Amino acid sequence: MDRRIKAGMLAALIGGLPQALMAADGEHNFELKARGVYWDDESLVYPTKTNKNPKATDYQQSALGLQLNYQSPYWGGIIGTDISAYGVARLGDSGTPTSNLVDVGNNGQLRDSYLTAGQALVKLKYQDFAQAKFGRQLQNSLLLKSTNTRAVPDTYSGASASLKPLAGLTIYGAVYDEWRSRSTGHFEKFRTEATAAKLRKEIDYVGILGASYAKGPVSVTAEYLNSKDYLSKFGLVGAYTIPLDKNSLKLSAGLFTSRDAGSLFVCSAEKELDCTGTSRLDNDGKGVYLDAEWKVSNFTVGAAVAKFDGFWIEDNFAVDATKTGSLTQDHGTNPFPTAAGLGPDLSNRDEIVGSVRLAYDWKNFVPGLTTGFKYSRGSGAKSSNLNNSAEGREHYREFTVAYALPFVKNLSARYVYMNYDSHVENGSTSATIKGMPRQDWEQHRFYVDYSYQF
């Protein structure tokens with residue numbers, strides 16, 4: 001898509017805003033969101049022949065993120081516009097600079113701040129049958145979601161649409177050719193993780209086509225994603241909810257594939273591939289899962305198991321920052337209930353992953369307070385593209401405390417503790433598993449969120 005067309009569209013959108021404000025029927029929605037976030041991270045890599053006693057690396061970062069969101073009504077019931085300004089300011093940092101809350105600059109240090117139009121779109125609709133969006137927007141589907149784990153979410157530039165031809169049925173699709181990561185203020189083309197100049201080719205677009213159906217206790221979603229000339233994915237999930245008096249039991253299952261899709265899929269394109277060099281690769285990964293979730297009183301109890309055949313790749317694309325030597329990598333969406341929120345994907349070749357989770361709402365004792373715990377264990381993991389003796393196991397633990405302050409409307413705080421560790425049997429410099437890059441990894445996250453509508 002030509003950049004001049006995009007610039008003209010954005011200028012027309014902003015220039016026509018005053019007329020839209022006066023002519024459109026209905027309410028204009030303005031919202032201010034503020035988030036303070038602090039991360040404390042420490043990790044240890046595996047020893048090698050050249051680094052037998054590696055030192056732990058650590059960093060601490062804090063930032064303030066602001067969103068000013070505007071949503072117009074539909075003029076004539078057909079056309080409207082949404083605009084969001086995102087601003088992020090670095091509050092403090094120490095340790096190794098990493099592109100998590102703000103980007104790393106050309107000097108190797110974290111940038112102070114950025115301001116950008118995170119969303120800027122024209123929206124169309126026809127009754128309740130069809131909707132479409134053109135421009136910068138959030139994305140939320142089975143295989144690609146805008147994340148909300150940083151100071152502000154990441155957004156995509158392109159077009160999306162949905163149809164509802166029957167009650168309960170939604171058919172949707174999207175095509176994006178640029179992306180703004182959650183730690184930067186500018187939109188870039190999609191790329192792979194390859195940093196060699198001759199391999200740093202752009203992914204033309206990321207396209208999505210899917211359908212979902214929900215009626216009564218049954219829900220089903222199928223989705224296909226194509227990252228042009230790099231990776232193709234397919235996902236199918238289904239769920240059935242059984243009411244049990246005042247409680248419920250939800251049973252769900254999923255099937256997902258992740259395959260190479262062209263010339264851009266080479267050794268260095270994905271950092272968790274077990275190979276070296278720049279040769280073209282074949283990949284055929286598949287994962288299945290079963291999950292059960294029981295809601296009883298103030299408890300939510302869940303258990304899941306996932307099995308992988310081949311290496312299921314989470315990452316749909318990346319943006320490499322070769323000037324600084326760092327990588328700005330936004331992963332794809334990991335739809336497995338066994339997934340880790342920190343580090344590796346727990347989806348290596350031949351791996352079996354079991355997971356349990358428990359959440360409790362303390363509303364009877366402390367209104368607004370909730371806690372949660374999750375544990376996942378993977379075993380039998382093998383190297384993705386090498387035949388060697390390495391076999392690994394990995395563990396992931398997550399503990400969350402969230403509190404919605406009852407004395408200040410729309411103000412909440414959240415603390416998340418995450419810990420990952422792994423062990424590779426028969427591992428050496430010639431027999432390792434890149435999908436398990438850390439021997440131990442620990443992270444603390446603190447969030448304070450506030451929103452105001454006016």
Side-chain angles (χ1 to χ4, degrees), residues 131 138-147 156 160-176 205-228 230-242 248-262 265 270 272 282-294 302-317 331-341 345-355 357 376 378 384 435:
Q131 293 187 357
L138 296 168
Q139 166 65 28
N140 184 11
S141 66
L142 186 63
L143 297 172
L144 184 63
K145 293 182 179 181
S146 295
T147 55
Y156 299 83
S160 63
S162 64
L163 300 173
K164 294 184 178 180
L166 300 172
L169 176 63
T170 301
I171 301 172
Y172 60 89
V175 178
Y176 301 117
Y205 63 82
V206 175
I208 295 168
L209 180 63
S212 63
Y213 178 78
K215 185 175 183 180
V218 177
S219 63
V220 180
T221 298
E223 183 171 310
Y224 172 76
L225 179 146
N226 181 253
S227 189
K228 183 71 165 57
Y230 174 56
L231 197 68
S232 67
K233 291 184 178 181
F234 174 76
L236 174 65
V237 297
Y240 185 82
T241 302
I242 305 171
S248 66
L249 175 64
K250 182 179 180 180
L251 305 175
S252 58
L255 165 67
F256 296 89
T257 63
S258 177
R259 296 189 173 96
D260 62 287
F265 196 84
E270 165 59 50
E272 294 182 349
D282 294 325
N283 183 77
D284 188 1
K286 180 173 67 176
V288 296
Y289 77 79
L290 297 173
D291 181 77
E293 184 174 270
W294 182 32
V305 61
K307 174 69 173 68
F308 296 91
D309 179 17
F311 178 41
W312 190 85
I313 299 175
E314 176 184 334
D315 302 337
N316 297 320
F317 55 84
H331 45 254
T333 297
N334 194 323
F336 292 90
T338 54
D345 305 331
L346 276 68
S347 59
N348 294 282
R349 179 169 66 94
D350 293 346
E351 187 170 12
I352 298 176
V353 186
S355 180
R357 59 190 185 273
S376 295
S384 62

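For the single chain, residues carry numbers from 1 onward in sequence order. Values reported hereafter were calculated over all heavy atoms of this structure, with side chains retained and with hydrogens, waters and symmetry mates removed. All figures in this text were calculated on a predicted structure; none of them were measured in a lab.
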Under a 4.5 Å cut-off applied to non-hydrogen side-chain atoms, are L142 and T333 in contact?
no
Please identify each residue that fulfils side-chain hydrogen bond (donor to acceptor under 3.5 Å, both in side chains) with T338, with sequence neighbours left out.
none
Tell me every residue that passes side-chain hydrogen bond (donor to acceptor under 3.5 Å, both in side chains) with S141, counting only those two or more places apart in sequence or in another chain.
Q139, E223
Which distance, rounded to the nearest 0.5 Å, do you find between the CG of N316 and the OG of S227?
6.0 Å
Listed partners of S160 passing side-chain hydrogen bond (donor to acceptor under 3.5 Å, both in side chains), at least two apart:
Q137
Considering residues at least two apart in sequence or located in another chain, which fulfil the side chain to side chain contact (heavy atoms under 4.5 Å, CB included) criterion with L209?
none
Just so I know, are the side chains of F317 and L231 near enough to count as touching, which here means a heavy-atom distance under 4.5 Å?
no
What's the spacing between N140 CG and T147 OG1 if we round to 0.5 Å?
11.0 Å
Run the side chain to side chain contact (heavy atoms under 4.5 Å, CB included) check on F308 and D350 step by step: do they pass?
CA-CA 5 Å; F308 296 91; D350 293 346; over 6 Å; no
Output all residues satisfying side chain to side chain contact (heavy atoms under 4.5 Å, CB included) with V175, sequence neighbours left out; order by chain, then residue number.
Y205
Check whether any side-chain heavy atom of V353 sits under 4.5 Å from a side-chain heavy atom of Y289, and report yes or no.
no
Is it the case that atom NZ in K250 sees more than 12 heavy atoms from other parts of the structure closer than 6.0 Å?
no
Sequence-distant partners of S219, side chain to side chain contact (heavy atoms under 4.5 Å, CB included), two or more places apart
A214, A239
Kindly give the heavy-atom pair with the smallest separation between I171 and P165, and that separation in Å.
CD1-CG, 4.2 Å
The side chain to side chain contact (heavy atoms under 4.5 Å, CB included) partners of K164 (sequence neighbours excluded) come to T170
Between D260 (side chain only) and D282 (backbone N and O only), is there a donor and an acceptor less than 3.5 Å apart?
no
Over all heavy atoms of both residues, which pair between N348 and F311 is shortest? Give the atoms and the distance, please.
CA-CD1, 4.0 Å
With heavy-atom distances below 4.5 Å as the criterion, would you say the side chains of F336 and L346 are in contact?
no
Sorted by chain and number, sequence neighbours left out, salt bridge (charged side-chain N to carboxylate O under 4.0 Å, His left out) with E293 holds for R357
Applying side-chain hydrogen bond (donor to acceptor under 3.5 Å, both in side chains), name anything that partners E272, two or more places apart in sequence or on another chain.
none
Are any non-hydrogen side-chain atoms of I242 and W294 less than 4.5 angstrom apart?
no
So the side chain to side chain donor-acceptor pair (under 3.5 Å) pairs with at least one residue in residues 207-217 (sequence neighbours excluded) are none
Does any N or O in the side chain of D315 come within less than 3.5 Å of the main-chain N or O of E270, such that one atom is a donor and the other an acceptor?
no
Could you tell me if the side chain of I208 sits less than 4.5 Å from the side chain of Y224, heavy atoms only?
no
R259 meets the salt bridge (charged side-chain N to carboxylate O under 4.0 Å, His left out) criterion, sequence neighbours left out, with D284
Applying side chain to side chain contact (heavy atoms under 4.5 Å, CB included), run through D345 and W312 and close with a yes or a no.
CA-CA 9 Å; D345 305 331; W312 190 85; 5.7 Å; no
Looking at S232 and A261, would you say the former's side chain and the latter's main chain have a donor-acceptor pair under 3.5 Å?
no
Of all residues at least two apart in sequence or in a different chain, which pass the ring pair (Phe, Tyr, Trp, His ring centres under 6.0 Å) check with Y176?
Y156
